[in-house]
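Here the structure comes first, spelled out in structure tokens, and everything after it is commentary.
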Number of protein chains: 2
Amino acid sequence: MLSKKTKYGIKALVYLAKKGDKLPVQTSTISESENISKKFLESILLTLKKNGILGAKKGKGGGYYLLKSPEEIQMTTIMRLLEGPIAMVPCVSLNYYERCDDCPDEDTCAVHEVMLKVRDSTLKIFRNTSLADLSDY
Amino acid sequence: MLSKKTKYGIKALVYLAKKGDKLPVQTSTISESENISKKFLESILLTLKKNGILGAKKGKGGGYYLLKSPEEIQMTTIMRLLEGPIAMVPCVSLNYYERCDDCPDEDTCAVHEVMLKVRDSTLKIFRNTSLADLSDY
DNA sequence: TATTACCCTATCGATTTAGTAGGTTAATAT
DNA sequence: ATATTAACCTACTAAATCGATAGGGTAATA
């Protein structure tokens, strides 16, 4: 299940991408437009900023803005930042790999095998989807 | 993230499928073989029984056994039973559909669109994977 | 009739989720 | 210079979920 955090984060990014220009937008503007709790959105935009997706400007006329063009921002990046691992099981995760302690052998694990397929197909979609693609709707 | 419940459930079903025959197997046998807490496994097997996947026999020599052949048991069925919806967002779920209260229009929602693609590709894999396929490893 | 193993209910600690509250800091406008 | 603005930071919370445990009831078998 996708967390609200990720969902809100994507919506906020799409909002910024749709604007076209790179002028800063205030948290409250996005929060009102997208029906997101302001304080919660604040924390989300902050992590996006800390991870090089957004820039921020303080004071009057300040706000957040995209640091790259929407075409350059991949879904994989957003998902990993906000949602965490894309894989359903840590033992098939590329960026967050972890061994299963109940599993004697990964190579002969049935769960491992299917989840690897699922990860691959999901990853393919996320890699082929940029913020620009999302904003086309 | 796949829950332990689902993971254990799959492992237990694979265990039963690999056996070949349809003789009842005790919970404790599976729990010891697959490193699963016995009581926890008990509740999992029970829900699988209640939903027509497993049969059960009480008393000495009793246990759980598959009601259908492994080829007839789809991953989609197991996943929906134990894990819940396959979709990452309720608004793209086939069996657990729910409207998003923060979303004015589903058809123009960017999140909706990508998650629909992800659901389709995941569903394709689960539909093409039976318990028999899982047991081939 | 005793044993076995499924079946049921309740509770638990730990973690995560989706916020809320309240303040600090830095940039802008007057 | 000073007031205002809006990003930034810290801490806390209610509710839900997860993984598991405890303790017994019930039906089938030997």
Side-chain angles (χ1 to χ4, degrees), chain A residues 1-12 16 23-32 34-67 81-85 88-90 96 98 100-103, chain B residues 1-12 16 23-32 34-67 82-85 88-90 96 98 100-102:
Chain A
M1 200 62 22
L2 194 77
S3 67
K4 300 246 176 196
K5 185 174 154 193
T6 307
K7 195 185 176 191
Y8 293 165
I10 296 172
K11 287 198 168 191
L16 291 173
L23 296 174
V25 179
Q26 298 164 31
T27 309
S28 59
T29 306
I30 303 177
S31 113
E32 281 160 28
E34 302 296 317
N35 301 304
I36 305 169
S37 145
K38 192 197 162 191
K39 280 286 187 180
F40 191 27
L41 179 61
E42 216 168 46
S43 72
I44 298 167
L45 297 180
L46 211 51
T47 69
L48 288 172
K49 188 222 151 187
K50 281 179 186 165
N51 287 280
I53 309 291
L54 295 179
K57 201 184 159 190
K58 284 191 180 179
K60 187 161 193 179
Y64 290 96
Y65 52 91
L66 292 176
L67 279 180
L81 263 174
L82 298 176
E83 193 72 8
M88 295 188 81
V89 196
Y96 301 80
E98 224 173 285
C100 300
D101 41 339
D102 61 294
C103 217
Chain B
M1 199 62 22
L2 195 77
S3 67
K4 299 244 176 194
K5 185 175 156 193
T6 307
K7 195 185 176 190
Y8 292 165
I10 296 172
K11 287 198 168 191
L16 291 173
L23 296 173
V25 180
Q26 298 163 32
T27 309
S28 58
T29 308
I30 303 177
S31 112
E32 282 160 27
E34 301 298 318
N35 301 303
I36 305 171
S37 144
K38 192 196 163 192
K39 280 285 186 179
F40 191 26
L41 179 62
E42 217 167 46
S43 71
I44 298 167
L45 297 180
L46 212 50
T47 70
L48 288 173
K49 189 223 151 187
K50 281 179 184 164
N51 288 279
I53 308 291
L54 294 179
K57 202 183 159 190
K58 285 189 179 180
K60 188 163 191 176
Y64 291 95
Y65 51 93
L66 293 176
L67 280 179
L82 299 176
E83 192 72 6
M88 294 187 82
V89 196
Y96 302 80
E98 225 173 284
C100 300
D101 42 338
D102 62 295

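Nothing here was measured: the structure is a model prediction, and the numbers come from that model. Lettering follows sequence order; numbering is per chain, from 1.
- Inter-residue side-chain proximity for A:L81 and A:T6 is flagged as unmet; no heavy-atom pair is nearer than 4.5 Å.
- Take the nearest nucleotide of DNA chain C for A:K39 and for B:Q26: the residue whose nucleotide is more 5' is B:Q26.
- Checking C:dG23, C:dA18, C:dC6 against the side-chain heavy atoms of B:A56 singles out C:dC6 as nearest.
- Distance A:L2 CG to C:dT17 C1': 13 Å, rounded to the nearest Å.
- The side chain to side chain donor-acceptor pair (under 3.5 Å) check on A:D102 picks up B:K7, B:K11, with sequence neighbours excluded.
- For B:L67, the side-chain contact (heavy atoms from CB on, under 4.5 Å) partners two or more places apart in sequence, or in a different chain, are B:Y65.
- Considering only residues two or more places apart in sequence or on other chains, B:K58 meets the salt bridge (charged side-chain N to carboxylate O under 4.0 Å, His left out) condition with none of them.
- Note: CG (A:L82) to C1' (C:dT16) measures 16 Å, nearest angstrom.
- Pairs engaging residues 37-49 of chain B under the salt bridge (charged side-chain N to carboxylate O under 4.0 Å, His left out) rule: B:K39-B:E42 [sequence neighbours left out].
- Scanning for salt bridge (charged side-chain N to carboxylate O under 4.0 Å, His left out) contacts around A:E34 gives an empty result, with sequence neighbours left out.
- Residues meeting the salt bridge (charged side-chain N to carboxylate O under 4.0 Å, His left out) test with A:K60, sequence neighbours left out: none.
- Close approach of DNA chain D to chain B, defined as any atom under 4.0 Å from a non-hydrogen atom of the protein, starts and stops at D:dG19 to D:dT29.
- One atom, CZ of B:F40, and another, P of C:dT9, lie 18 Å apart when rounded to the nearest Å.
- Taking atom CD on A:E83 and atom C1' on C:dA18, their separation rounds to 13 Å, with Å as the unit.
- Atom CE in B:M88 sits about 12 Å away from atom P in C:dT17, given to the nearest Å.
- Nucleic acid contact for A:T27: sugar-phosphate only, since backbone atoms but no base atoms lie under 4.0 Å from a heavy atom of the residue.
- When side chains are defined from C-beta on, B:L82 counts as touching B:L48, because their heavy atoms get closer than 4.5 Å.
- In the region residues 42-53 of chain B, proximity to DNA chain D at under 4.0 angstrom, judged on heavy atoms, holds for none of the residues.
- Not counting sequence neighbours, the partners of B:F40 by the ring pair (Phe, Tyr, Trp, His ring centres under 6.0 Å) test are B:Y8.
- As a whole-Å value, the separation of A:Y8 OH from C:dT17 P is 14 Å.
- Residues of residues 57-67 of chain B that place a heavy atom closer than 4.0 Å to DNA chain D, in numerical order, are B:K57, B:K58, B:G59, B:K60.
- Among residues two or more places apart in sequence or in another chain, the salt bridge (charged side-chain N to carboxylate O under 4.0 Å, His left out) test is passed with A:E83 by none.
- The NZ atom of B:K4 sits 13 Å away from the P atom of C:dT16 (whole-angstrom rounding).
- Evaluation of the side chain to side chain donor-acceptor pair (under 3.5 Å) rule for B:S28 yields no partner, not counting sequence neighbours.
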